[in-house]
Chemist: 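Here's a structure for you.
Hydrogens, waters and symmetry mates are skipped; everything else that's a heavy atom, side chains included, is used. Quantities reported herein were computed from a predicted structural model and do not represent experimental measurements.
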Amino acid sequence: YDNSKKEFKLNIEQGQQGIEIRYTMNGNEPDVNSPLYSGPITINKTSVVKIAAFKDAHSIGKQYSLSFNFHKALNSKITLANPYDERYRAGGENGLINGVRGTDNFRDGSWQGFEGVDFEAVLDLGLEKEISKVNPRFFFASNSWIFLPGKVEISLSVDNINYSDSKPIVNDVPQKNSEILQKDFPLEFGNQKARFIKVKAESIKKCPDWHPGAGGKAWLFIDEIVVE
């Protein structure tokens, strides 16, 4: 992300020779008539980039989809109460406010993982802004010991001392579930002015009794905290 130009540059590494990489940014699926990748793709608005490989005019391999989100907390400052696990760091300290959304693969480098602890973060926007909605997204894959938070609380402040009351957003997806999914926990604020945003997510901390890993530490995975 180039902060001075307010744009992303997407570079794609091409392995095999004779393979064409084609992409779309308009929601359509890539085909042989889609733009051919020949250099960095410039992204200057919220977009979904779909990428596919072609050989001899036929699609090969798996198609990939990458989401880029421009929002009010992009590349601001974030402070975590508990450290993330180094194996799942999503690029480091600013991994949750870098504009890149995670995919259905929790190992894609965009998800931040917390083992056996709650998630709590304070975002500092640098100055007061009107906030209409805050939307953190979490990952669920119980077979990989990754569970959704029991509840999420989001509150706003102008001074990082006095925070607004937060109505808990309670998880409504059964944890005893073999699906792999991403779940948003959005909260509307109606254009309330704030500089600081606190996001808390309550981990189940240990795998439930019915789980093969019963008693072991449960994971909580989060990607972008989108602020509108």
Side-chain angles (χ1 to χ4, degrees), residues 1-11 41-49 65-114 117-139 146 148-149 152-160 163-164 166 169 182-189 191-203 219-228:
Y1 180 73
D2 187 330
N3 200 45
S4 62
K5 295 183 179 180
K6 306 298 182 185
E7 64 184 23
F8 290 95
K9 290 287 188 180
L10 175 61
N11 288 288
I41 302 170
T42 299
I43 302 160
N44 52 25
K45 63 180 180 180
T46 295
S47 305
V48 176
V49 182
S65 180
L66 298 172
S67 298
F68 297 86
N69 199 297
F70 287 78
H71 58 90
K72 292 181 179 179
L74 187 63
N75 281 358
S76 55
K77 181 181 179 182
I78 185 168
T79 303
L80 299 174
N82 294 311
Y84 50 78
D85 189 285
E86 282 294 330
R87 290 170 290 178
Y88 305 103
R89 58 197 316 272
E93 295 302 321
N94 277 15
L96 303 183
I97 46 173
N98 65 359
V100 182
R101 304 303 298 259
T103 69
D104 286 338
N105 177 7
F106 68 87
R107 297 186 178 90
D108 67 3
S110 294
W111 292 94
Q112 216 163 74
F114 298 80
V117 296
D118 293 331
F119 172 83
E120 181 176 337
V122 173
L123 279 61
D124 180 356
L125 305 181
L127 71 165
E128 287 187 23
K129 298 181 180 181
E130 285 193 347
I131 307 301
S132 62
K133 183 168 71 172
V134 179
N135 186 12
R137 179 175 292 178
F138 294 84
F139 193 87
I146 304 171
L148 292 170
V152 175
E153 296 181 355
I154 304 170
S155 53
L156 305 181
S157 173
V158 296
D159 57 9
N160 202 22
Y163 278 85
S164 61
S166 176
I169 310 160
Q182 303 176 36
K183 180 171 174 59
D184 292 342
F185 285 77
L187 188 61
E188 304 276 352
F189 285 97
N191 295 326
Q192 183 175 335
K193 284 192 174 182
R195 171 176 170 176
F196 300 91
I197 303 170
K198 184 179 290 184
V199 179
K200 295 182 177 180
E202 182 181 79
S203 169
W219 285 94
L220 191 66
F221 272 65
I222 179 173
D223 74 339
E224 195 76 1
I225 301 173
V226 175
V227 179
E228 300 176 5

Chemist: Can you name the side-chain contact (heavy atoms from CB on, under 4.5 Å) partners of R101, sequence neighbours left out?
Modeler: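 By the side-chain contact (heavy atoms from CB on, under 4.5 Å) rule, R101 matches S67, N69, R137, D184, D223, E224, V226.
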
Chemist: Taking all heavy atoms of T103 and all of W111, pick out the closest pair and write down the distance.
Modeler: O-NE1, 3.0 Å

Chemist: From the options V122, T79, D159, select the one residue that forms a side-chain contact (heavy atoms from CB on, under 4.5 Å) with F196.
Modeler: V122

Chemist: Compare every heavy atom of P149 with every heavy atom of A201, then report the nearest pair and how far apart it is.
Modeler: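 Closest approach of A201 to P149, heavy atoms only: CB-CB, 3.9 Å.
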
Chemist: So which heavy atom on I97 is nearest to which on S76, and how close?
Modeler: CD1-O, 3.4 Å

Chemist: May I ask you to check whether over 12 heavy atoms, not counting those of K77, lie within 6.0 Å of atom NZ?
Modeler: no

Chemist: What is the minimum heavy-atom distance between A90 and Q112, and which atoms define it?
Modeler: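 The answer is CB-N, 3.9 Å.
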
Chemist: Of all the heavy-atom pairs spanning K72 and K129, show the shortest one and how long it is.
Modeler: O-NZ, 2.9 Å

Chemist: Are V134 and L123 packed together at the side-chain level, in the sense that at least one heavy-atom pair is separated by less than 4.5 angstrom?
Modeler: no

Chemist: Using side-chain heavy atoms (C-beta onward) and a distance below 4.5 Å, is V100 in contact with F8?
Modeler: yes

Chemist: Taking the side chain from N82 and the backbone from D118, do they hold a donor-acceptor pair closer than 3.5 Å?
Modeler: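 Answer holds: yes.
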
Chemist: Name the one of F119, Y88, F138 that satisfies ring pair (Phe, Tyr, Trp, His ring centres under 6.0 Å) with F221?
Modeler: Y88

Chemist: Side chains of I43 and L10, heavy atoms from C-beta outward: is any pair under 4.5 Å?
Modeler: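 When only atoms from C-beta onward are counted, L10 and I43 do touch, with a gap below 4.5 Å.
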
Chemist: For a side chain to side chain contact (heavy atoms under 4.5 Å, CB included) check, start with the C-alpha distance between L220 and I222, then their side-chain angles and the critical distance, and finish with the verdict.
Modeler: CA-CA 7 Å; L220 191 66; I222 179 173; over 6 Å; no

Chemist: If I compare all heavy atoms of F189 with all of L156, which pair ends up nearest, and what's the gap?
Modeler: CD2-CD1, 3.4 Å

Chemist: I'd like to know if the side chain of S164 reaches the main chain of S155, judged simply by a donor and an acceptor atom lying under 3.5 Å from each other, with no hydrogens or angles considered.
Modeler: no

